[in-house]
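What follows is a single structure, written as structure tokens, with notes after it.
Treat the numbers as computed from the prediction; the structure is a model and nothing was measured.
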Amino acid sequence: MSITENIKYIKDSLPSQITLVAVSKTKPNEMLMEAYNAGHRDFGENYVQELVDKEAVLPKDIHWHFIGHLQSNKVKYIAPFVYLIHGVDSFNLLKEINKQAQKNNRVIDCLLQIYIAKEETKFGLDFMEASEILRSSEFKELKNITVKGFMAMASNTSNEKQIKNEFKSLKEFSNQYSEFNILSFGMSSDYQIAIEEGSTMIRIGSSIFGERNYTE
Ligand SMILES: *Cc1c(COP(=O)(O)O)cnc(C)c1O
């Protein structure tokens, strides 16, 4: 199936309140333009340089989601235009995003990345660390960021029950923050489970653009 057909197929199967982020990392601009011409506007990238290069030449009404691990010293490159930063995993990073947002005279929306997987390799905060950040007075002083919710990745496993429980734990945690309205979880392999468990934003790469030909 083509990119256009893939997007239509996925969107048709989604409840209307769910946002689809098309994860276009490693994919050439022509492929993003095919999705764009099919009416799609939300794209996710996880390398700063690649995102900056794509933003420079692609249409200005694209919503660019940064979904990777963001280093503090690179925030400045995406601060002028980024739409939503999904992977915030420290207070220092939040402070740097706030500083760069201020320089650009804007407010940047962010998600705190929560570690829910039973694996050693994934980034993120645990529930306790996230709560501590959110109730600290230093956090409340950051006027140029808005935390809109949480992002997470489940374990890379075929055990659906485990994936379900991991998503469930995030949903339960998020219930205490009724002011947040974004829960970003679910990828090509697990987005159906994610939707059942309360995701509001899914991040789909390979099911739209095909397999990526490198290993991360
Ligand atoms: C690559 C990536 C995705 C998309 O993965 P697919 O399996 O290709 O759908 C989603 N979220 C993050 C954080 C990613 O890095």
Any donor-acceptor pair under 3.5 Å linking the side-chain atoms of N92 with those of E96?
no

Among side-chain atoms of E34 and T4, is any donor-acceptor pair under 3.5 angstrom?
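Side-chain D/A pair, E34 to T4: present.
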
Residues 71-88, side-chain donor-acceptor partners within the protein, below 3.5 Å, at least two apart:
{"from": "K76", "atom 1": "NZ", "to": "N73", "atom 2": "O", "distance (Å)": "3.0"}
{"from": "H86", "atom 1": "ND1", "to": "S184", "atom 2": "OG", "distance (Å)": "3.0"}
{"from": "H86", "atom 1": "NE2", "to": "H65", "atom 2": "ND1", "distance (Å)": "2.9"}

How long is the span from the [atom1] atom in [X] to the [atom2] atom in [Y], to the nearest 0.5 Å?
| X | Y | atom1 | atom2 | result |
| --- | --- | --- | --- | --- |
| I145 | Q102 | CD1 | CD | 11.5 Å |
| L183 | Y177 | CG | OH | 12.5 Å |
| M151 | S199 | CE | OG | 11.0 Å |
| K54 | I62 | NZ | CD1 | 10.0 Å |

Enumerate, atom names and distances included, each donor-acceptor pair closer than 3.5 Å involving a side-chain atom of residues 165-175, sequence neighbours excluded.
{"from": "N165", "atom 1": "ND2", "to": "K161", "atom 2": "O", "distance (Å)": "3.4"}
{"from": "E166", "atom 1": "OE1", "to": "S155", "atom 2": "N", "distance (Å)": "2.6"}
{"from": "E166", "atom 1": "OE1", "to": "S155", "atom 2": "OG", "distance (Å)": "3.3"}
{"from": "E166", "atom 1": "OE2", "to": "S155", "atom 2": "OG", "distance (Å)": "2.7"}
{"from": "E166", "atom 1": "OE2", "to": "Q162", "atom 2": "NE2", "distance (Å)": "2.9"}
{"from": "K168", "atom 1": "NZ", "to": "E197", "atom 2": "OE1", "distance (Å)": "3.2"}
{"from": "S169", "atom 1": "OG", "to": "E166", "atom 2": "O", "distance (Å)": "2.7"}
{"from": "S174", "atom 1": "OG", "to": "K171", "atom 2": "O", "distance (Å)": "2.8"}

Using a 4.5 Å cut-off on heavy atoms from C-beta on, say whether the side chain of I10 contacts that of Y191.
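Yes. Closest side-chain heavy atoms under 4.5 Å.
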
Please assess F91 against F139 for the test ring-ring contact (aromatic ring centres under 6.0 Å, His included), listing each intermediate value before the final yes or no.
CA-CA 8 Å; F91 184 69; F139 167 72; 7.2 Å; no

Among residues at least two apart in sequence or on other chains, which ones pass side-chain contact (heavy atoms from CB on, under 4.5 Å) with D61?
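Here the qualifying residues are Y36, R41, P59.
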
The criterion is side-chain hydrogen bond (donor to acceptor under 3.5 Å, both in side chains); which residues satisfy it with Q192, sequence neighbours excluded?
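Not a single residue meets the side-chain hydrogen bond (donor to acceptor under 3.5 Å, both in side chains) criterion with Q192.
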
In terms of the angle between their ring planes, are F180 and F150 parallel, tilted or perpendicular, with boundaries placed at 30° and 60°?
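It falls in the perpendicular class, over 60°.
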
When clusters are formed from ILVMFWY side-chain contacts under 4.5 Å, directly or step by step, what else is grouped with V23?
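Via sub-4.5 Å side-chain contacts, V23 links to I67.
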
Please check if the side chain of S24 supplies one atom and the backbone of K27 the other of a donor-acceptor pair under 3.5 Å.
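No: the side chain of S24 does not pair with the backbone of K27.
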
Residues that E160 engages under salt bridge (Lys or Arg N to Asp or Glu O under 4.0 Å), provided they are two or more places apart:
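Checked E160 against salt bridge (Lys or Arg N to Asp or Glu O under 4.0 Å); zero matches.
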
